[in-house]
Amino acid sequence: MAKITGLTNLVISNNQLSGEIPLIWNDKPDLYEVDMANNSLSGEIPSSMGTLNSLMFLILSGNKLSGEIPFSLQNCKDMDSFDLGDNRLSGNLPSWIGEMQSLLILRLRSNFFDGNIPSQVCSLSHLHILDLAHNNLSGSVPSCLGNLSGMATEISNERYEGRLSVVVKGRELIYQSTLYLVNSIDLSDNNLSGKLPEIRNLSRLGTLNLSINHFTGNIPEDIGGLSQLETLDLSRNQLSGPIPPSMISLTSLNHLNLSYNRLSGIIPTSNQFQTFNDPSIYRNNLALCGDPLPMKCPGDDKATTDSSRAGNEDHDDEFEMRWFYVSMGPGFVVGFWAVFGPLIINRSWRRAYFRFLDEMKDRVMVVITVNVARLQKKCKWERRQHGT
């Protein structure tokens, strides 16, 4: 292999190779892809790999490599994918990474890197996957992280394929043909602190994982501007304040974890939040209230009482009307027999009753006859008066 001078691709991933990486890089000017992932390689990354001026894909993940990232790699300025994840590398993240202006993927997760995240990372304008999870990084996240315009612009016509493991929606997924569509920031499981970074400009960001750190302060109100966000994990921090109402605008969101913080107030119930009915999403936020948590918000009891009272009143009205109709039948029967029963049984009462009716009929007839006669007499008199 050392004698192949025209080598352009070296892919020996997913084998059982062990030992150190061989020193075969000095005469490989056309080599643009080195993929040794998922082996058992150990030792340090050779500094001679910095002579690969055409290198675009350096994938050494899933090995047992140790030491620091060699300074000589800053010469590989045309790098597209820089994946050293799942090793035993240590030291600070080099600031010269910001000089790799073509970089699309920076994956350094699951190592022992410490120190701060260099602000030079913000100059990687084409970056669309930033994965620094599971390290010992500390300090605050650079405030310029929102300048990663590769996570804000429309997808270009240029397509590329690769194979990369990305943690999204709470699980690890392998992307190949659709890798260019993934936009992700994963800084989870570090010792980062301070306020959450301002990333409202990253409109095409799909995954944001800042869990298991020491972030404080409120969740930014403008987080609702991340219209393409599908995964948001802010769990196990020290965040406080309410869940911003603007988060109901995250209509693409399908994985949310806000547990183990100090959030307070009412849990939103509109749009996507209607689907987040798992209480573990909000676990150990003692001042949060509302569904799906058992803790009710102030005023919920009154609303429940009023609703119950209104329901009881409706039930009472329905009950009264039902008994009104039920009692009409027996009431009619009882009233009928109370009046006519004695007349049927007692003959003398019956005779007196009908005699009374006859007398009343005669009196009414007399009154009607007299009044009619008077009315006729009056009409005749008025006609005579008009005639004269």
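All values reported here derive from a predicted model rather than from experimental measurement. Side chains are part of it too, since the values below use all heavy atoms of this structure and drop only hydrogens, waters and symmetry mates.
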Next on the checklist: If you count every heavy atom of other residues, nucleotides or ligands that lies below 6.0 Å from Lys64 atom NZ, does the total exceed 12?
Outcome noted: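 No, because the 6.0 Å sphere around NZ of Lys64 holds 12 heavy atoms or fewer from other groups.
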Next on the checklist: Can you confirm whether Ile266 is buried at CD1, in the sense that more than 12 heavy atoms of other residues, nucleotides or ligands lie under 6.0 Å from that atom?
Outcome noted: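 Open.
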To the nearest 0.5 Å, what is the distance between [atom1] on [X] and [atom2] on [Y]?
{"X": "Ile105", "Y": "Asp80", "atom1": "CD1", "atom2": "CG", "value": "8.5 Å"}
{"X": "His126", "Y": "Ser149", "atom1": "NE2", "atom2": "OG", "value": "7.5 Å"}
{"X": "Glu44", "Y": "Glu68", "atom1": "CD", "atom2": "CD", "value": "8.5 Å"}
{"X": "Cys122", "Y": "Asn147", "atom1": "SG", "atom2": "CG", "value": "6.0 Å"}
{"X": "Leu148", "Y": "Ile185", "atom1": "CG", "atom2": "CD1", "value": "6.0 Å"}
{"X": "Asp291", "Y": "Ile267", "atom1": "CG", "atom2": "CD1", "value": "8.0 Å"}

Any heavy-atom pair between the side chains of [Y] and [X] that's under 4.5 Å?
{"X": "Ile97", "Y": "Leu124", "result": "yes"}
{"X": "Leu93", "Y": "Pro118", "result": "yes"}
{"X": "Leu10", "Y": "Trp25", "result": "yes"}
{"X": "Leu106", "Y": "Asp131", "result": "no"}
{"X": "Arg283", "Y": "Ser235", "result": "no"}
{"X": "Leu164", "Y": "Arg107", "result": "yes"}
{"X": "Phe215", "Y": "Leu210", "result": "yes"}
{"X": "Tyr282", "Y": "Pro292", "result": "yes"}

Do side-chain atoms of [X] reach the backbone of [Y] as a donor and acceptor pair under 3.5 angstrom?
{"X": "Asn39", "Y": "Asn15", "answer": "yes"}
{"X": "Asn213", "Y": "Leu187", "answer": "yes"}
{"X": "Gln120", "Y": "Ile117", "answer": "no"}
{"X": "Asn237", "Y": "Leu239", "answer": "no"}
{"X": "Asn53", "Y": "Leu55", "answer": "no"}
{"X": "Asn111", "Y": "Arg88", "answer": "yes"}
{"X": "Asp222", "Y": "Gly224", "answer": "no"}
{"X": "Asn285", "Y": "Leu263", "answer": "yes"}

Next on the checklist: Check the orientation of Phe71 and Trp96. Use parallel for under 30°, tilted for 30 to 60°, and perpendicular for over 60°.
Outcome noted: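 Plane angle over 60°, so perpendicular.
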Checklist entry - Does the pair Glu230 and Thr207 meet the rule for a side chain to side chain contact (heavy atoms under 4.5 Å, CB included), with working shown? => result CA-CA 6 Å; Glu230 298 181 2; Thr207 295; 5.7 Å; no
Checklist entry - Going by atom types only, do Asn135 and Asn190 share a side-chain donor-acceptor pair under 3.5 Å? => result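 Absent: no donor and acceptor within the cut-off.
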Item to check | Ser81 versus Asp83, side-chain donor and acceptor atoms under 3.5 Å | outcome: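 On atom types as modelled, these side chains do not qualify, holding no pair under 3.5 Å.
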Item to check | salt bridge (Lys or Arg N to Asp or Glu O under 4.0 Å) partners of residues 176-196, not counting sequence neighbours, each pair once | outcome: Arg109-Asp186
Considering non-hydrogen atoms only, spot the tightest contact between [X] and [Y] and give its length.
{"X": "Leu145", "Y": "Leu130", "answer": "CD1-CD2, 4.1 Å"}
{"X": "Asn63", "Y": "Asn87", "answer": "C-OD1, 2.9 Å"}
{"X": "Met79", "Y": "Leu58", "answer": "SD-CB, 3.8 Å"}
{"X": "Leu23", "Y": "Ser48", "answer": "CD2-OG, 4.1 Å"}
{"X": "Leu196", "Y": "Leu234", "answer": "CD1-CD1, 4.2 Å"}
{"X": "Pro244", "Y": "Ile223", "answer": "CG-CG2, 4.5 Å"}

Checklist entry - What do the steps show when you test Leu232 against Met247 for side chain to side chain contact (heavy atoms under 4.5 Å, CB included), and what is the final call? => result CA-CA 11 Å; Leu232 176 61; Met247 285 184 64; 3.7 Å; yes
Item to check | Contacts of type side-chain contact (heavy atoms from CB on, under 4.5 Å), residue Thr216, not counting sequence neighbours | outcome: Gln238
Item to check | Pairing residues for Phe273 by the ring-ring contact (aromatic ring centres under 6.0 Å, His included) criterion, not counting sequence neighbours | outcome: Phe276
Checklist entry - Any chain of hydrophobic side-chain contacts (each under 4.5 Å) joining Ile212 to Val141? => result no
Next on the checklist: Quick check: is Tyr260 connected to Leu192 through a chain of hydrophobic side chains (ILVMFWY, heavy atoms under 4.5 Å apart)?
Outcome noted: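 No, Leu192 does not connect to Tyr260 through the hydrophobic network.
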Item to check | Candidate pair Leu17 and Ile12, rule side chain to side chain contact (heavy atoms under 4.5 Å, CB included), full reasoning | outcome: CA-CA 9 Å; Leu17 302 176; Ile12 52 175; 3.6 Å; yes
Next on the checklist: Pair Leu208, Thr231 - check side chain to side chain contact (heavy atoms under 4.5 Å, CB included), show working.
Outcome noted: CA-CA 6 Å; Leu208 177 62; Thr231 298; over 6 Å; no
Checklist entry - Can you check side-chain hydrogen bond (donor to acceptor under 3.5 Å, both in side chains) on Asn14 and Asn38, steps first, answer last? => result CA-CA 5 Å; Asn14 300 299; Asn38 302 319; 2.9 Å; yes
